[in-house]
Amino acid sequence: MSSVDAVVIGGGVIGCAVAYNLAKAGVSVAIVERDDICAGTSAACDTAIHLQSKSPGLHLRMAQESIKLFPELQKDFDEDIHFKKTGTMIAIQTREQNEVMRVFAERQRNNGLDVVILDRAAAVEKQPMMKGDLVGATYCTADATIHPQFLTKGYFQAAKKYGAKAMLHTNVENIALKDGHVASVITNRGNIQCKYVVNACGAYAPFIGKLTGLDIPIAPRRGQIVVTEPMPKFTHTIVNCARYIAAKFRPDLLGTSEADRMGIGLSLTQTERGNLLIGGTREFVGYDTRTTQKALLYILQHAANILPALKDIHIIRTFAGLRPFTPDGLPILGNVPGIEGFVMAAGHEGDGLALSAITGRLITEIICEKQSAYDFDLTKLSLERYKNLDIKAFEAQYAVYK
Amino acid sequence: MEANTAKFICRCQEITEEEIYKAIEDGATTIKGIKDRTEATMGLCQGRTCRRLIERMLPASGEPSRERYSCRPPVRTVKIGDLLKDESSKGEFE
């Protein structure tokens, strides 16, 4: 039996970020991944590191601290992670949306995020491609883009550089406890003795939780995305729409049409290669990663309404990924009640890239029992905050095992 | 195996044989593993040419069952405007 201090389960951006930070801090760590790095959500997303899409408060503050860390990470990585400050504009299409976004932006400004609201003329002047159906737009320069797979690979390779052991294509079959403490992880390739297990399995985190009898309220939320041919610079910022923000935080504000129920909202980013990634949906359909013609057409229709020039661009691919949704939109991080050494690092929904850097830091502080460099209220992120949640009702409502 | 840096495997994205072997060394055993680490197969032709070349370079332990969906070369690319022309999605946002 091999032996390490910590086993990180999950080779997505969160698991690799946690393993990197642990290894760098001198903790002996193994990454156990049933498939390969970026096998799931971390390669089925767009490139946005969004601050504007974070709820003002703890969520936004974590993202603000996280985004500061990427230039430093780049210095430590061999891989170019394509981190770039681009800013975001959020298209506002109705007066009702304008009111919601005005309040949202004001709260963000009070949290130190410089978001302004432009009228239609000013928005089009700033972003000439955005001359479709809109009454105005928000503008913020703090948002950035990144290469999701290269970021994950960057964490992974740097983790190995600092001594982390990589166990890819290795399936976790059980977690053995001893006197209420994590004792070992049982895999199809042997057992690993350890003091800590980090559950970084994103949308699949509930399955790892079940191995130790834990109920983890995370549901897969599907996001479909269209990829276009490479283009010269199309927009100089990320472009979203107010529906995207509503679909994320207040689906009740959307209507009841089929497109509303799919959570259609615009998210447009451009890769360094020039491909546009046009999203997206927010759908509760269990672990189904197929794309649907209906949703893709809604996505494109909505995008072209805001950016009419898209109509002349060719698409080359479509894909879907599963975002790990939690009831309050915040990730589940840290120790869990009743099982010493079992640490959660999952449930980031669409914020995994943005929050990966800070998540790696926080989990490492917890495992190393170090005084935190941040003043986040970690009780708001703990699994324990859901102790009164009816897990059966949650699983049924959000089609967890559909 | 000695890799020749001058050999391009994925022509769309200009990914070399050396980069593919580096990805294999990093743990990639499938086309998707290569793709995520190098951007090979992600260009305009979506792996029509390089997929077969990469498959031959992969270690024998690769799991072919996982590969069904990772390469989907389009017959031809489609203009967004053409897709939207006669579809029922119109009106949903108008």
Side-chain angles (χ1 to χ4, degrees), chain A residues 11 33 35-39 42-43 79 93 133 147-150 152-153 156-157 160 166-169 226-230 243 257-260 264 271-273 275-276 278 289-290 293-306 308-319, chain B residues 10 12-15 19 22-48 58-94:
Chain A
E33 159 60 49
D35 191 342
D36 193 355
I37 59 164
C38 327
S42 305
E79 187 63 56
Q93 297 184 282
D133 169 24
H147 193 305
Q149 294 94 327
F150 287 2
T152 308
K153 183 170 73 152
F156 178 64
Q157 294 184 341
K160 289 194 285 185
M167 298 177 68
L168 302 179
H169 311 287
V226 177
V227 188
T228 74
E229 62 190 323
R243 290 176 54 91
S257 73
E258 190 176 34
D260 293 329
I264 304 276
T271 67
E272 294 256 303
R273 297 263 187 188
N275 306 88
L276 299 175
I278 310 171
T289 56
R290 286 173 297 186
Q293 192 189 9
K294 263 253 158 77
L296 297 169
L297 287 169
Y298 283 143
I299 289 168
L300 291 173
Q301 182 66 59
H302 180 50
N305 283 351
I306 294 167
L310 283 174
K311 286 187 180 157
D312 288 323
I313 298 173
H314 293 78
I315 69 165
I316 61 171
R317 188 179 177 83
T318 64
F319 64 82
Chain B
C10 172
C12 298
Q13 307 274 83
E14 297 185 343
I15 308 300
E19 288 170 276
K22 251 196 196 153
I24 292 170
E25 203 177 299
D26 191 49
T29 56
T30 59
I31 294 275
K32 176 154 165 47
I34 300 291
K35 170 179 159 180
D36 288 334
R37 288 174 176 83
T38 66
E39 294 190 328
T41 81
M42 289 173 82
L44 208 53
C45 89
Q46 292 286 298
R48 188 189 302 279
L58 288 172
S61 61
E63 294 154 70
S65 64
R66 287 198 189 281
E67 292 294 74
R68 275 180 300 163
Y69 303 111
S70 70
C71 263
R72 293 193 298 268
V75 175
R76 63 167 190 267
T77 59
V78 189
K79 209 184 255 187
I80 291 174
D82 290 342
L83 275 172
L84 295 176
K85 238 173 219 163
D86 49 9
E87 282 305 330
S88 56
S89 66
K90 261 197 177 169
E92 191 69 34
F93 293 103
E94 285 169 359

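Note that this is a predicted model, so its numbers are computed, not measured. Residue numbers begin at 1 in each chain, while the letters A, B, ... track the order of the sequences.
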Rounded to the nearest 0.5 Å, what separation is found between the NZ atom of B:Lys22 and the CD atom of A:Gln157?
8.5 Å
So does A:Cys38 get a backbone contact from the side chain of B:Lys32, meaning a donor-acceptor N/O pair under 3.5 Å?
yes
A:His314: partners by ring-ring contact (aromatic ring centres under 6.0 Å, His included), with sequence neighbours left out
none
For B:Arg72 versus A:Thr318, what's the shortest heavy-atom pair and its separation?
NH2-O, 2.5 Å
When rounded to the nearest 0.5 Å, the distance separating CG of B:Asp26 from CG of A:Leu168 is 8.0 Å
Distance col, row B:Lys79:NZ vs A:Lys311:NZ, nearest 0.5 angstrom, shows 12.0 Å
Tell me, please, which residues at least two apart from A:Ala309 pass side-chain contact (heavy atoms from CB on, under 4.5 Å).
A:Met129, A:Phe234
Rounded to the nearest 0.5 Å, what's the gap from CD1 on B:Ile80 to CD on A:Gln301? Could you check?
11.0 Å
Nearest-0.5 Å distance that lies between atom CG in A:Asn275 and atom CG in B:Leu44:
8.5 Å
Give the minimum heavy-atom separation between A:Ile37 and B:Asp36, together with the two atoms involved.
O-OD2, 4.2 Å
Heavy atoms from other residues, nucleotides or ligands near CZ of A:Arg273 exceed 12 (cutoff 6.0 Å)
yes
Could you tell me whether a side-chain N or O of B:Arg37 sits under 3.5 Å from a main-chain N or O of A:Lys153, the two making a donor and an acceptor?
no
